[in-house]
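Presented below is the structure to which this report refers.
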Number of protein chains: 2
Amino acid sequence: MKDMTDIPAVMTEIGRRAKAAAAELAFTPPARKTEALEAAADAVWARRAEIVEANAQDLAFGRDKGLTEAMMDRLLLTEDRIRGIVEGLRAIAAQEDPVGKVIAEWDRPTGLHIQRVRTPLGVVGVIYESRPNVTADAGALCLKSGNAVILRGGSESFHSSRAIHDCLVSGLRKAGLPEDAIQLVPTRDRAAVSELLQMTDYVDVIVPRGGKGLVGLVQREARVPVFAHLEGIVHIYIDASADPVKALTVVMNAKTRRTGICGAAECLLIHRDAVDTIGQGVVRALIEAGVEVRADETLQAIEGTHQASADDWGREYLDSIIAARVVEDEDAAIEHIRTYGSNHTDCILAEDPAAIERFVERVDSAIVMINASTQFADGGEFGMGAEIGIATGKMHARGPVGAEQLTSFKYVVRADGAVRA
Amino acid sequence: MKDMTDIPAVMTEIGRRAKAAAAELAFTPPARKTEALEAAADAVWARRAEIVEANAQDLAFGRDKGLTEAMMDRLLLTEDRIRGIVEGLRAIAAQEDPVGKVIAEWDRPTGLHIQRVRTPLGVVGVIYESRPNVTADAGALCLKSGNAVILRGGSESFHSSRAIHDCLVSGLRKAGLPEDAIQLVPTRDRAAVSELLQMTDYVDVIVPRGGKGLVGLVQREARVPVFAHLEGIVHIYIDASADPVKALTVVMNAKTRRTGICGAAECLLIHRDAVDTIGQGVVRALIEAGVEVRADETLQAIEGTHQASADDWGREYLDSIIAARVVEDEDAAIEHIRTYGSNHTDCILAEDPAAIERFVERVDSAIVMINASTQFADGGEFGMGAEIGIATGKMHARGPVGAEQLTSFKYVVRADGAVRA
C-alpha cells in the first residue's frame with residue numbers, strides 16, 4: 001500500500017486481503033485462535049508503556065480539537081484500563097469456539113444424515129469512535145468467531161488503536177495465523193468509511209459502535225448489512241399488579257445506576273391504578289435522587305416534576321432525565337412502546353401472569369425484561385462473554401451480539417451413495 | 001385503493017396494511033393459523049373450476065405473448081395440479097408452528113432467567129414469475145411463520161394468482177385473522193416491483209422466485225434484505241478414494257434426474273488418480289444417457305466429448321450439458337469450486353475420511369453433500385416441509401428456507417426484582 005491518498009485502492013486492497021484471510025480462518029483449529037488471543041494479551045501488557053505513550057499523543061490531539069470531558073475520558077488509557085483490555089482478551093480466548101459446532105442434526109428416510117454446522121460470516125467491518133479498547137474487543141471477538149475484521153477507529157484514537165492493533169497482529173503472527181485477519185484502516189481520511197460501507201464484494205457485515213450520528217450515517221449509507229441499534233429508548237411499565245418494592249428498586253436502578261448507557265430507562269409508564277399506590281413514591285424517589293422527571297398532566301401534581309412536551313415521548317436522554325406518564329391500561333402502555341420505542345429493551349413490572357404474558361407476546365423489542373432492571377441489557381450480563389454491540393434489527397442478529405451471532409451456518413449432508421427418486 | 005395508476009401510493013398503502021397485520025399475527029395462536037390454512041385448502045378445492053377458468057385467461061394471454069412451451073407448462077393449472085396445491089396447504093397447516101418456540105434458555109447468577117424466543121420477521125415480500133402455485137405456497141409459509149406477506153406474481157399468472165389468493169383470504173376471514181395478512185399486488189405494472197424493493201419502512205425481507213434475470217434485478221435494486229440464490233452452479237468432485245459404483249450412481253442422478261432444477265450438477269471434477277478407474281466410465285455413461293460433456297484436454301480423449309471453452313467453468317446450464325475436468329488433487333478441486341462456484345450445493349464422492357473432512361471444512365457452500373446426489377438440495381427432501389426458496393447468502397437464512405428461517409427471535413428476561421450492581 002503505497003499511495004495512501006487513493007482511498008478506493010487502499011480499501012479494495014484491505015478488502016481483498018481480509019477475504020483471503022477469512023477463507024483460511026474458516027478452518028483454523030480453535031486452539032490456534034486461542035493461542036493468538038493469549039499472545040495478543042501478553043503483548044498488550046508487555047507494551048503497556050508504549051500504548052500509554054501513543055495514547056498521550058491522542059489526548060493532546062483531542063485537547064487541541066476541543067473534545068468534551070466525556071470524550072476525553074473515553075479516549076484515556078491508564079494502566080488500569082489496559083489491564084481491563086488484557087483481561088478482556090483472555091476472557092474471549094477462554095470462551096467456547098462457535099465455529100464447526102453442530103446446531104442441529106437429523107436423519108432422512110432417503111439415507112441422508114443432515115447437519116447444520118456453524119461457519120464464520122466472513123469479513124466484518126467495525127466502525128467506532130474514540131474508545132481505543134474497541135480495537136481489542138472487536139478484533140478478538142471477530143477472530144474467535146473465525147471472521148476476518150477490518151477495524152476503522154475514530155481519528156481521535158488513531159495512535160492508541162494502532163498500538164493495540166500492533167499487539168493483536170503480533171499475537172496472530174505468533175500463532176501462525178494470517179496477519180490480515182485483523183486489519184486497521186491506516187488512514188484518518190473519512191472517505192475510507194464511505195468506501196467500507198459500499199464494499200459488498202469483500203465485507204459481509206458492518207458493526208458501527210458509537211453515537212447516533214455515526215450509527216445513523218452507517219445505516220443510511222451502507223450497502224453492506226449492518227448490526228446496530230440507533231437508540232435505546234427504553235421504557236418501563238408499572239402494571240396495576242406490580243410489587244411496590246420491586247418497582248421502586250428496579251426503576252431506580254434502571255434510571256440511575258448509569259445514565260449514559262443504552263440500557264438506561266428513558267420513559268416510565270404507570271398504570272392508572274398504580275399511580276397512588278406505587279407511581280407517586282417512585283417519581284418522588286427519582287426526584288430525590290436528582291433525576292429530572294418530565295411528567296404528563298396527572299403526574300405533574302407531584303411536587304418537583306417538570307412538564308413534559310410532546311417530544312419527550314420517544315426521546316433518548318442518556319442523562320439524568322426521565323419522561324413519565326400515566327396510561328389507562330396495559331394495552332395503552334404497549335401501544336405507547338410500539339409508537340415511541342426503538343425495539344431495544346423494554347420492561348414490565350408486574351405480578352399478574354396474564355399481564356406479563358400479554359406484554360411478552362406483544363412487545364417485539366430485542367430484549368423484553370420482566371421485573372428486572374433494563375441495565376442488564378448487556379452481553380456480559382447475559383453470560384455471552386464480550387459483545388460487539390447490541391442489535392435491534394430482526395435480521396440475523398438481535399440483542400447483545402457475541403461470538404455466536406457473528407457466525408452463519410451451512411448444511412453438511414452425508415450419505416452412502418443416496419440418489420433422489 | 002382508488003387510483004391504481006399512482007403506484008407509490010398503492011404500494012405504501014399495501015405496506016402499511018401488511019405491517020398492521022404483522023403486528024397482530026405475531027401473537028396469533030397456532031390453532032388459528034392452522035384453521036385459516038385448512039379453510040384456504042377447502043376453498044381452493046371447492047373453487048377449482050373457477051381457478052381453472054381464471055387460468056384459461058392467463059394461458060390465452062401467454063399464448064398471445066408468445067411464451068415458450070416450458071413457460072406455458074409452468075403456467076398451466078389442471079385439476080391434478082390444483083390437488084397438489086391443496087395438499088401443499090394442508091401439509092403446511094400440519095407443520096409445527098415455529099413462533100414462540102424457546103430456542104435456548106439459561107439462568108444467570110444475578111437472578112435472571114433468559115429465554116431466546118422465536119418471533120416472526122414481520123413483512124415478507126415475494127416476487128415470482130409464472131408459477132401460480134407459488135401464491136399458495138408462499139402465502140401459507142409466511143402465515144405459518146407469523147409473517148404478513150405481499151405477493152407479487154408474474155403478469156402472466158395474474159388471473160390464476162388472483163383466484164388462488166381469493167381462497168387464501170377466505171381462509172383468513174374464516175379463522176378471524178386480518179385479511180391483510182396475505183395481500184396480492186393488484187396491478188401488473190412493473191413499477192410496483194421497484195417500489196416493493198425500496199420499502200424498507202414496511203418490508204423486512206424480499207424473496208424472489210424465478211430465473212436469473214428476476215433474481216439479479218432484485219439483488220441489484222433491493223434496499224430490503226433478500227433471501228435468494230442467483231445460480232446453482234453445482235459441482236461434483238470425484239476423489240481418488242471414491243467408490244466407483246456410488247460415483248456412477250450419484251453423478252448420473254445428480255445430472256440427469258431433472259436437468260432444469262437448481263440442484264442439478266453442472267460441473268464434474270475428477271481427481272487425476274480416479275480418471276482411469278472411475279472417471280472414464282462416468283463420462284461414458286453420461287454421454288450414453290444423452291448428456292453433452294464439455295471436457296478439458298485430458299478428458300477429450302474419451303470419444304463423444306466436446307471441447308470445453310473457458311466460459312464453461314462456472315456456468316449453469318439447466319440443461320442436458322455438463323462441464324468436466326481433471327484436477328491434480330483435492331485442493332485443486334476445492335480451489336475450482338471457490339473460484340467458479342455459486343455457494344449453492346457442492347458434492348464430494350470419497351471414502352477417505354480425511355478427504356471428506358477437508359472438503360467439508362473448506363467448501364463454504366450453503367449445502368455440502370458427501371456421497372449423495374445434489375438433487376436432494378430441496379426443503380422437502382431436507383424434511384422441512386415446504387420451502388419458500390433456497391438462499392446462498394450468509395446472513396440469516398441459508399440453504400432451503402422453510403417456516404423456521406422466516407423467523408427472528410427476541411430475548412425474554414424474567415427476574416424477581418433483579419437490579420444490576
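Predicted model only: the values in this text are computed from it and were never measured. A, B, ... follow the sequence lines: proteins, then strands. Residue 1 opens every chain.
By number of non-hydrogen pairs under 4.5 angstrom with chain B, the leading residue of A/His113, A/Met369, A/Lys410 is A/Lys410. Ranking B/Ala415, B/Ser373, B/Ser408, B/Ala421 against chain A, the residue ahead of the rest is B/Ala415, based on heavy-atom pairs under 4.5 Å. Chain B forms the most heavy-atom pairs under 4.5 Å with one residue out of A/Leu248, A/Val368, A/Val250, and that residue is A/Val368.
Counting all heavy atoms, side chain and backbone alike, B/Arg420 lies closest to A/Asn253 at O-ND2, 2.8 Å. Shown here for A/Ala397 and B/Phe409, the closest heavy-atom pair between the two residues is C-CZ, 4.4 Å. Between B/Tyr411 and A/Gly399, the shortest heavy-atom contact is CE1-CA, 4.1 Å.
Considering CD1 of B/Ile370 and CG of A/Leu112, their distance stands at 10.5 Å, rounded to 0.5 Å. If you take CG on B/Asp204 and CE on A/Met395, they are separated by 7.5 Å, rounding to the nearest 0.5 Å. Note: A/Gln219 CD to B/Thr200 OG1 = 10.5 Å, rounded to the nearest 0.5 Å.
For residues 345-353 of chain B, heavy-atom neighbours of chain A at less than 4.5 Å comprise no residues at all. Inspection of non-hydrogen atoms places A/Gln375, A/Phe376, A/Asp378, A/Gly380, A/Glu381, A/Phe382, A/Gly383 of residues 374-383 of chain A under 4.5 Å from chain B. Along residues 100-111 of chain A, the residues that come nearer than 4.5 angstrom to chain B, judged on non-hydrogen atoms, are A/Trp106, A/Arg108, A/Thr110 in order of number. Inspection of non-hydrogen atoms places A/Val360, A/Glu361, A/Arg362, A/Val363, A/Asp364, A/Ser365, A/Ala366, A/Ile367 of residues 359-367 of chain A under 4.5 Å from chain B.
For A/Arg116, the part lying near chain B is the side chain, with the backbone staying farther off; criterion is any non-hydrogen pair under 4.5 Å. For a residue to count as touching a neighbouring chain, one of its non-hydrogen atoms must lie under 4.5 Å from one of that chain's; by this rule A/Thr249 touches chain B with backbone and side chain alike. Heavy atoms closer than 4.5 Å to chain A are found nowhere in B/Arg358, neither backbone nor side chain. Contacts of A/Ile114 with chain B are made by side-chain atoms alone, with heavy-atom separations under 4.5 Å and no backbone atom involved.
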**Item:** Derivation of the side-chain contact (heavy atoms from CB on, under 4.5 Å) call for A/Lys246 and B/Asp416
**Value:** CA-CA 7 Å; A/Lys246 287 180 210 168; B/Asp416 197 29; 2.4 Å; yes
**Prompt:** Please walk me through it: do A/Val419 and B/Met252 pass side-chain contact (heavy atoms from CB on, under 4.5 Å)?
**Reply:** CA-CA 9 Å; A/Val419 295; B/Met252 292 307 289; over 6 Å; no
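Within the 4.5 Å cutoff, side-chain heavy atoms of B/Arg414 are placed close to those of A/Ile356.
Ion pair A/Glu221/B/Arg223 not flagged as a salt bridge, since none of the NZ, NE, NH1 or NH2 atoms sits closer than 4.0 Å to an Asp/Glu carboxylate oxygen.
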